[in-house]
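Taking it in order: structure first as structure tokens, then the write-up.
Side chains are part of it too, since the values below use all heavy atoms of this structure and drop only hydrogens, waters and symmetry mates. Protein chains get the first letters and strands the later ones, always in sequence-line order, with residue 1 at the start of each.
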Amino acid sequence: MHVVLSRSPRGVCAQRLDDDGTARDVAQNVAEHDLPAFIGRLERERPRWVWDDTTRWYPQLLAAGLRLERCVDLRLSHAILRGSTLTAASRLARAPRGAWDAATPLADKPETHSALFDFAVEPAHGAGDSPLEEFLLQQEAIAASAEPGRISRLLAAESAGALIASEMKFAGLPWQAGLHEELLVELLGDRPAPGARPARLEELARRMREILQVSDVNPDSPAELLKTLRGTGLQVASTRSWELKEIDHPVIAPLLEYKKLARLLTANGWTWLETWVADGRFRADYVPGGTATGRWGASGGGALQLPKQIRGAVVADPGWKLVVADAAQLEPRILTALSADRRMAEAGRGDLYEGIVASGAVATRAQAKVAMLGAMYGATAGEGGRLMPALTRAFPQAIAMVEAAARAGERGEVVTTRLGRSSPVPGDEWRDLQQAGSAQDATEATRRAAGGQARSWGRFTRNFIVQGTAAEWALCWMAGLRGRLWQLGDGGLAERPHLVFFLHDEVIVHTPAELADRVVAELRAAASDAGRLIFGAMPVTFPITTAVVDNYGQAK
DNA sequence: GGGTCTTGCGCG
DNA sequence: AAAGCGCGCAAGACCC
């Protein structure tokens, strides 16, 4: 059973649907304040809740103590169906852009700007924009798809991800502000007055002045720093750390240390702590489907960029543990499964990179890693580029697949992940330049620019199929894990083992200590489920590394 | 003064 | 080891 929820000025409307899409009864109107009780009652029948945007419904339900098993997030589903080559012929994909193609989550927009429930505001969209009609249009597109099984799995995983994102924000990542502050004081000195440098940074700037024998140096301004360095005879093109590392000069060491600490101060210093940590929790805003490839984004707090320096401040509650798990060498394994390259699958029975060395393709594990990254990112120069021919000889099938994706992108074509997420179409500027570059009278410079741009888009599509399918795997992993964790405990969401962090191929589960071993088992089981769900009986394994720790800094 | 672009660096 | 993919954020630079 599906239950389609929508809001109108009169309250919430709930329409039950049978699995064939027919209305089970007359739609019910529910007052906003009765909604949690209403949903709680119906949840016992395990419906799939259908709503426009999870962020507009689920947070308040969580706050009321509910946890729902499954949903359809129409906005996220629409974005996938609209772009997917698997549903390109559907009415949904062929319709002109409308309210469901909004670039931002609906919750980010003021209510008055939403055309979804107030047809008078934007009559141009007509009544076809209602959640019920959109849902039926989506069902139609899925049913007519060449691969309904794949696309519906993707939509289920994407929607589960939306539930998880809301739940992780609700539960929060356990964060000890006191520990974080101790760390800052230890590395930077006491908290400075606003606008002033902490003692440690001031000291480093002073040493740099002495070494360079200048009256002033401002390492916070790349432009000024570049002038100062050049003024003292240093040949540098920029002030990037990786470039400075190559230079042999006494000022480099304190400068690099300054940069490292200044970064900590501005990105995750006292201000960050005050803004993002409250009541012992860091509550990040995750953005499911926030990137072209289907990876999540984050907005505010930099949840996906937590530097290793401060991970020690992520501490389990007393009597609880953190189970940190990541999928080992996920993207190369995804490439293996996508291409069904049996020799690469054989190499991946244990450590994939060691397996590649054993195959004779390259000499060292480090080379194997660089070569695989080169294959997935499209390296042309450097060691990655040099290793490509050997890798291609050893694993022709896998390499042919990413090469084909690159060639398609260079031609401006769309590529599609295993479950059906398609890459965006290149923009008008891209097409204009390609056209200009292939014209009879094109200048050499235009030809070169067009070629460079084509290859750049080819690197994007090459990577898209791997990164995008890896994102699908991670979503399936997490969705399965979420259900398994729920079965391990009793009570509300935060009283049972629950997800508190997700970073592309890595998750953290916060769990009562006595359940940690069972959480580890569920993590592994969910990983092999995910592999089967996406690739069927392919002989590719997705090993998980796990660590049961008191704080995140202890993992890895 | 405010908005947008650029630089640099954190994560995978 | 090199600078090839995907992101978000803060600060300075730059422009009006």
- Message: Both A:Thr380 and A:Pro222 contact DNA chain C. Which one's nearest nucleotide lies toward the 5' end?
- Response: A:Thr380
- Using only side-chain N and O atoms of A:Lys369, determine if any of them is under 4.0 Å from OP1 or OP2 of C:dA2. no
- Return no unless some side-chain N or O of A:Thr293 is found under 4.0 Å from OP1 or OP2 of C:dC5. no
- So what does A:Ala381 hit on the nucleic acid, given a heavy-atom distance under 4.0 Å: a base, only sugar-phosphate, or nothing? sugar-phosphate
- Here the pair of heavy atoms bringing A:Met168 nearest to A:Phe501 is SD-N, 3.4 Å
- Query: Once you round to the nearest 0.5 Å, how far does CG of A:Leu81 lie from OG1 of A:Thr87?
  - Reply: 5.0 Å
- Query: Counting only heavy atoms not in A:Arg431, do more than 12 sit closer than 6.0 Å to its CZ atom?
  - Reply: yes
- Have a look at A:Arg311 and say if it touches a base, only the backbone sugar-phosphate, or nothing, with a 4.0 Å heavy-atom cut-off. sugar-phosphate
- Base, sugar-phosphate, or nothing: which does A:Arg263 touch, judged by heavy atoms less than 4.0 Å apart? base
- Message: I want to verify a distance call: between B:dG12, B:dG8, C:dG4, whose nearest atom is closest to the A:Gln467 side chain?
- Response: B:dG12
- Item | A:Ser241 side chain near B:dC9 phosphate (N/O to OP1/OP2, under 4.0 Å) | yes
- Note on the structure: With the side chain defined as heavy atoms from C-beta on, A:Arg240 is closest, among C:dA13, B:dG8, C:dG6, to B:dG8
- Note on the structure: The correct list of stems in which DNA chain C takes part (3 or more consecutive Watson-Crick or G-U pairs, distances under 3.5 Å) is B:1-12 with C:5-16
- Message: Return whichever of A:Lys245 or A:Thr291 has its heavy-atom-nearest nucleotide of DNA chain C closer to the 5' end.
- Response: A:Lys245
- Note on the structure: In this structure, OG of A:Ser166 is separated from OH of A:Tyr286 (nearest 0.5 Å) by 12.0 Å
- Message: Just to be sure I understand the rule, does A:Ala298 reach a base, reach only the sugar-phosphate, or reach nothing, if contact means heavy atoms closer than 4.0 Å?
- Response: sugar-phosphate
- Message: Can you tell me which nucleotide in C:dA10, C:dC9, B:dC9 comes closest to the side chain of A:Lys259?
- Response: B:dC9
- Message: Is it the case that the side chain of A:Ser423 and the backbone of A:Val414 share a donor-acceptor pair, with hydrogens and angles ignored and the cut-off at 3.5 Å?
- Response: no
- Query: Would you say a side-chain N or O of A:Arg295 is under 4.0 Å from OP1 or OP2 of C:dG6?
  - Reply: no
- Message: Nearest to the A:Glu224 side chain among B:dC11, C:dA13, B:dG8, which nucleotide is it?
- Response: C:dA13
- Decide if the gap between the ring center of A:Trp477 and the ring center of A:Phe502 is smaller than 6.0 angstrom. no
- Message: For a quick check of understanding: with a heavy-atom distance under 4.0 Å over all strands, which category does A:Asp220 fall into, base, sugar-phosphate or nothing?
- Response: sugar-phosphate
- Message: To the closest 0.5 Å, what do you measure between CZ (A:Phe170) and NE2 (A:His498)?
- Response: 9.0 Å
- May I ask you to test the A:Leu225-A:Val217 pair for a side-chain heavy-atom distance under 4.5 Å? yes
- Looking only at side-chain N and O atoms, does A:Ser221 come under 4.0 Å of OP1 or OP2 in C:dA13? yes
- Task: Mind checking A:Trp296 for me? I need base, sugar-phosphate or nothing, with any heavy atom below 4.0 Å counting as a touch.
- Result: nothing
- Task: Could you check whether A:Leu306 gets within reach of a base, just the sugar-phosphate, or nothing at all, counting any heavy atom under 4.0 Å?
- Result: sugar-phosphate
